[in-house]
Protein chains: 2
Amino acid sequence: MVETARRREIEDVASTLFREHGYAGTSVRDIARALDIQGASLYAHVTSKQDVLWSIVERAATRFETSADAASTAAASGSDAMDGIAPASVRLAALVRAHVAVVTDDIGRASVFVHEWRSLTGERRAQMARRRDAYERRFRSVIDDGVAEGAFVAVDPVVAAAFLLTSLNGIATWFRPDGRIAPAALGDAYARLAVDALRPGGAVVRAEPIAEPVL
Amino acid sequence: MVETARRREIEDVASTLFREHGYAGTSVRDIARALDIQGASLYAHVTSKQDVLWSIVERAATRFETSADAASTAAASGSDAMDGIAPASVRLAALVRAHVAVVTDDIGRASVFVHEWRSLTGERRAQMARRRDAYERRFRSVIDDGVAEGAFVAVDPVVAAAFLLTSLNGIATWFRPDGRIAPAALGDAYARLAVDALRPGGAVVRAEPIAEPVL
DNA sequence: CCTACCGATCGGTAGG
DNA sequence: CCTACCGATCGGTAGG
């Protein structure tokens with residue numbers, strides 16, 4: 001299937017509907033109706049409903065990966081590192097801001113990426129599972145490094161990464177682009193919350209080590 | 001519909017299937033098959049598919065509310081308050097632990113409560129929206145109090161509550177009851193992460209106030 | 001992009 | 001809890 005403007009429209013409309021009603025809860029005719037065409041006419045542009053889901057999810061995955069790559073590169077060579085701030089904190093803050101930016105830029109697609117990828121089947125689903133896992137490992141690595149550096153508390157990297165990533169992905173469920181909160185401000189707020197949650201010293205609530213962490 | 005043992009089994013099975021495939025992605029016959037009965041036979045025990053969803057969601061909501069009530073009562077009269085720990089920190093930690101306990105106790109029902117309540121219709125959906133909102137306001141209030149006390153940074157209570165609650169609800173998507181992490185240890189870890197994320201002083205990452213918060 | 005149509009499956013009912 | 005069945009809707013195809 002070629003990449004036409006109409007195809008883009010279909011994916012935009014489908015993103016919104018999948019986000020609101022889920023993949024299974026959205027019919028091909030629902031998508032068509034939103035575009036003012038007949039259900040069967042959709043097949044002049046797409047090969048299947050799964051195909052639409054795949055395009056949305058795959059494209060969103062690439063955006064998250066690209067954004068995280070850019071953030072990592074910038075954080076590694078950034079001047080912030082000289083301000084006496086631990087490298088891991090700078091890197092984590094950059095990853096968080098990058099993720100928030102992608103989610104807030106298109107909550108429809110981000111939401112489908114987060115919640116509906118499970119509706120993919122076969123090799124496509126397996127591929128997405130791998131890519132999601134690799135993405136999560138970026139967070140675990142930074143946290144692991146920060147713990148080693150002493151920039152972060154001795155936290156379980158798997159638990160901490162899950163804590164942060166679910167929070168980050170949750171933005172897709174409540175954020176309103178036309179709301180009170182600007183995307184950049186949200187990125188700042190989340191970066192601070194993330195880094196401070198891991199900051200060592202003076203924990204007022206006790207928490208024992210969990211078990212052998214596996215990265 | 002009376003509350004029989006069979007009815008309980010149906011809801012258990014339905015919770016698992018709704019969690020894995022969503023409400024729309026699960027057919028009445030899928031539920032019946034998991035119970036080794038015919039699709040139509042299910043209607044000897046339930047009045048509709050919506051009815052099953054409602055039971056699961058309503059019961060889960062009550063559990064979260066009851067657990068939070070108990071946590072708030074305990075935190076208010078607890079001896080922890082005398083250890084020089086700010087009341088808001090104690091209350092927030094208690095709320096977090098209570099939430100983690102409910103989620104880990106039955107991730108199937110918790111997961112349906114978190115993700116599938118949108119599939120409810122009419123007044124039931126509206127009621128759940130109200131109850132979810134009231135639940136979220138518990139978190140906002142504690143955060144607001146903590147900020148006033150000086151126990152927490154000057155964070156936007158709406159953003160901070162969303163950050164924490166989405167993280168808390170996310171547990172339902174990745175936690176495995178038979179895994180490496182014990183529920184109580186997870187509650188401890190999350191309570192520490194939550195309280196420390198809001199702890200004032202030494203923020204290494206800048207974050208400006210967002211706008212007029214609305215509680 | 002349309003009309004006409006396909007077999008399969010959906011939630012649910014009737015009557016035992 | 002079963003068999004038999006209902007109308008509606010599903011994703012998708014044929015042929016223009």
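Predicted, not measured: the structure shown is a model, and the values here were computed from it. The analysis underlying the following values was restricted to heavy atoms, covering all of them including side chains, and did not include hydrogens, waters or symmetry mates. A, B, ... follow the sequence lines: proteins, then strands. Residue 1 opens every chain.
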Parallel, tilted or perpendicular: rings of B:Tyr135 and B:His99 (30°, 60°):
tilted
Dot-bracket for DNA chain C, please, read 5' to 3', with Watson-Crick or G-U wobble pairs under 3.5 Å on both distances, ( ) within the strand, [ ] crossing, | other strand, . unpaired.
||||||||||||||||
Take the protein atom CG of B:Leu35 and the nucleotide atom P of D:dC2, then report the distance between them rounded to whole Å.
11 Å
Does A:Glu11 come within less than 4.0 Å of A:Arg109, counting only side-chain N to carboxylate O?
yes
Donor-acceptor under 3.5 Å (A:Thr66 side chain, A:Arg63 main chain):
no
Gap between atoms CD1 and P, on B:Ile37 and D:dC2 respectively (whole Å):
6 Å
To the nearest Å, how far apart are A:Ile10 CD1 and C:dC1 C1'?
11 Å
So which of A:Phe18, A:Phe113, A:Trp54, A:Trp117 actually passes ring-ring contact (aromatic ring centres under 6.0 Å, His included) with A:Tyr23?
A:Phe18
d(CD, A:Gln38; P, C:dC2) in whole Å:
5 Å
Should B:Arg7 and B:Asp51 count as an ion pair when the cut-off is N to O under 4.0 Å?
yes
Going by an N to O cut-off under 4.0 Å, is there a salt bridge joining B:Arg192 and B:Asp196?
yes
Rounded to whole angstroms, how far apart are CG on B:Asp30 and P on C:dA8?
18 Å
Taking NZ, NE, NH1 and NH2 as the nitrogens, is one of them in B:Arg132 or B:Glu136 under 4.0 Å from a carboxylate oxygen of the other?
no
Quick check: does any side chain N or O of A:Thr62 sit under 3.5 Å from a backbone N or O of A:Glu58, one acting as donor and the other as acceptor?
yes
Treat primed atoms plus P, OP1 and OP2 as sugar-phosphate and everything else as base, then score nucleotides 11-16 of chain D 5' to 3': B for base contact with protein heavy atoms under 4.0 Å, S for sugar-phosphate contact only, - for none.
BBB---
